[in-house]
Amino acid sequence: MDAAAPRHDDPILSGPHWPVFWRYALPSVAGLLALTTANIVDGIFIGNFAGAEALAALNLLIPYFAVLFGLALALAIGGTVRAGKALGEGDSAAASATFSKCLIATLGLALVAALLCLRFHEPLYRLLGAAPELYPLMSEYFLIMLWVLVVQLVTLVLYYFVRVDGFPGLATTALVAGAGANILLDALLVGYLGQGLRGAALATGLAQGLQLAILLGYFLRRGRRLRFSPRQRHWGEVLKAGVNGVSEWINEASVGLVMLLINWLLMSSQGVTGVAAFTVVNYLIFLSLMVFYGISDAMHVLLSHNLGAGNARRIRAFMGCGASVILGLGLVLVAAVWWQGGALVRLFLDGADQATARLADQFLAILWPLFLINGLNVLLSVYLTAMHRPLPSAVVALSRSLVLPAALLVLIATLRPEWPLLLALPLAEWLTFGLALSLFLRYRPRRLLPGEPAGV
């Protein structure tokens with residue numbers, strides 16, 4: 001086969017739409033659900049064995065984690081979109097160079113962040129709006145997680161590149177094994193040995209080590225097209241990858257900033273109880289987003305390969321697959337919240353903490369409409385990224401995750417304090433949907449790849 005030509009036997013480029021969609025979406029959703037389950041079990045053990053204050057301490061650290069994960073995701077997703085396009089064109093050398101640079105850049109970023117935060121962790125706690133009495137609880141978790149994040153971020157980037165090279169099963173195996181180990185270690189360290197937040201951090205670190213070890217098996221696989229080399233030139237490629245994945249960074253970083261704003265407002269109005277109650281509800285929002293991100297992650301691979309091959313018809317078909325499944329799952333999640341919301345909330349709290357549970361019930365009754373639409377917003381943002389339209393993708397991501405929620409939170413808090421504060425979040429998602437849909441129509445496949453037959 002000519003190295004400069006696309007692989008015509010690649011099922012992404014020529015296989016039946018739905019089987020190919022499920023081949024990539026199911027492992028991705030399963031992996032991220034396993035990861036989500038591990039995080040939720042973390043919350044359940046912490047809430048039941050360490051208490052609501054420990055949950056609040058963990059929630060206050062989320063903005064920092066979100067910013068750092070956002071940078072790694074920008075490199076991972078922006079890099080895999082570029083690598084996927086190169087693989088679709090048959091240029092494995094260019095794809096390998098992107099792969100190597102993104103891994104090296106992520107390792108450097110994580111190490112610098114760990115060293116800085118080791119020195120300045122208490123100023124960071126103040127910036128995050130924590131009360132001084134929560135500092136010891138936060139340090140118990142954070143001073144271990146600094147180093148865990150080095151492994152976790154590198155693993156995250158490697159996971160995305162393993163998938164884009166056609167090994168979704170290996171990537172999912174790593175996530176599922178890591179998540180299972182995390183749950184078992186939570187039960188041992190937090191539940192049985194009573195190690196609290198320190199035990200949760202250690203469980204995460206050990207599980208991430210296992211996940212990385214499994215992913216390293218990729219380098220022994222026959223048929224892989226990506227080759228790692230530490231000797232690289234033209235490091236501007238990293239910036240290009242980051243720019244192409246900027247919407248994912250905005251998604252994560254903006255979530256962190258909005259969480260920071262919510263924590264500040266709740267801490268001033270309802271204290272630690274308000275922050276703890278939102279932490280519980282946020283686990284359910286996180287669950288929904290991980291399902292949708294699992295499907296959207298598969299779309300990165302499917303769309304970028306077909307963009308490189310010039311297949312507008314298949315891009316449209318895969319978008320139809322993704323939108324149908326996401327809308328159906330959104331309806332299922334809303335039904336679950338309506339019928340079992342109270343029971344879900346109480347999984348995270350011991351029976352004595354009724355005030356936090358009641359407040360969490362109130363929050364969930366306000367937030368349920370966002371489950372209907374947030375997945376479609378994620379999908380449309382991913383489409384724009386995969387089609388190499390980083391600016392429109394960033395506009396959608398910035399609108400849903402920062403500009404609209406932050407503006408609405410401030411407006412409600414200052415001009416309509418009698419309204420529920422968290423009403424800002426579903427309003428932001430629905431307003432973003434109108435914007436995202438208009439951008440999709442402007443950059444639909446037929447316009448970006450006009451060589452396809454009419455009607456594509």
Side-chain angles (χ1 to χ4, degrees), residues 34-65 114 117-118 121-122 124-125 128-152 175-212 259 263 267 271-284 286-287 342-360:
L35 182 65
T36 304
T37 301
N39 283 317
I40 289 174
V41 171
D42 251 2
I44 292 172
F45 276 106
I46 290 168
N48 282 278
F49 291 94
E53 282 196 356
L55 274 180
L58 186 60
N59 191 63
L60 288 163
L61 290 168
I62 287 177
Y64 169 79
F65 294 145
C117 289
L118 186 65
H121 54 278
E122 288 205 356
L124 177 63
Y125 301 161
L128 295 173
E133 59 266 25
L134 290 177
Y135 288 5
L137 278 173
M138 294 171 77
S139 290
E140 189 179 326
Y141 186 77
F142 188 61
L143 295 182
I144 296 172
M145 283 300 298
L146 287 178
W147 305 109
V148 172
L149 280 170
V150 176
V151 177
Q152 195 165 14
L175 278 188
V176 171
N182 202 346
I183 292 169
L184 292 174
L185 289 165
D186 273 335
L188 173 65
L189 297 173
V190 182
Y192 183 71
L193 297 178
Q195 291 293 303
L197 286 171
R198 179 176 181 274
L202 289 172
T204 301
L206 292 170
Q208 286 298 316
L210 173 63
Q211 188 173 306
L212 178 60
M259 286 287 294
N263 286 339
M267 188 68 78
V272 174
T273 300
V275 175
F278 181 70
T279 304
V280 171
V281 173
N282 196 46
Y283 276 113
L284 303 180
F286 179 63
L287 172 63
L344 293 172
V345 161
R346 280 153 184 79
L347 285 174
F348 294 87
L349 300 164
D350 61 36
D353 207 348
Q354 290 301 312
T356 303
R358 284 193 297 270
L359 192 54

[X] side, atom [atom1]; [Y] side, atom [atom2] - distance, nearest 0.5 Å:
{"X": "L124", "Y": "Y135", "atom1": "CG", "atom2": "OH", "value": "9.5 Å"}
{"X": "T204", "Y": "L185", "atom1": "OG1", "atom2": "CG", "value": "9.0 Å"}
{"X": "L287", "Y": "I40", "atom1": "CG", "atom2": "CD1", "value": "4.5 Å"}
{"X": "Q354", "Y": "L359", "atom1": "CD", "atom2": "CG", "value": "12.5 Å"}

Shortest non-hydrogen contact from [X] to [Y]?
{"X": "I62", "Y": "N282", "result": "CD1-ND2, 4.2 Å"}
{"X": "L146", "Y": "C117", "result": "CD2-CB, 3.4 Å"}
{"X": "V150", "Y": "A114", "result": "CG2-CB, 4.3 Å"}
{"X": "Q208", "Y": "V151", "result": "O-CG1, 3.9 Å"}
{"X": "A200", "Y": "V190", "result": "N-CG2, 3.5 Å"}
{"X": "L210", "Y": "A177", "result": "CD2-O, 3.7 Å"}

Could you check whether any side-chain heavy atom of [X] comes within less than 4.5 Å of a side-chain heavy atom of [Y], counting everything from C-beta outward?
{"X": "L61", "Y": "Y125", "result": "yes"}
{"X": "M145", "Y": "Q152", "result": "yes"}
{"X": "I144", "Y": "L202", "result": "yes"}

Residue pair L58, D42: steps toward the side chain to side chain contact (heavy atoms under 4.5 Å, CB included) verdict: CA-CA 10 Å; L58 186 60; D42 251 2; 5.7 Å; no
Worked verdict on N263 versus L128 for side chain to side chain contact (heavy atoms under 4.5 Å, CB included): CA-CA 8 Å; N263 286 339; L128 295 173; over 6 Å; no
Residues W147, L118; criterion side chain to side chain contact (heavy atoms under 4.5 Å, CB included); working and verdict: CA-CA 10 Å; W147 305 109; L118 186 65; 3.9 Å; yes
Residue pair E53, L137: steps toward the side chain to side chain contact (heavy atoms under 4.5 Å, CB included) verdict: CA-CA 8 Å; E53 282 196 356; L137 278 173; 4.1 Å; yes
L189 backbone acceptor or donor facing Q195 side chain under 3.5 Å: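 No, Q195 side chain to L189 backbone: no donor-acceptor pair under 3.5 Å.
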Side chain N48, main chain I44, donor-acceptor under 3.5 Å: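 Here the side-chain-to-backbone pair exists.
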Whether F142 and F65 hold their rings parallel, tilted or perpendicular, with breakpoints at 30° and 60°: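 Judged by the thresholds at 30° and 60°, the geometry between F142 and F65 is tilted.
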Y283 and F348 aromatic ring geometry - parallel, tilted or perpendicular at 30°/60° bounds: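 Taking Y283 first and then F348, their aromatic rings lie parallel (interplane angle under 30°).
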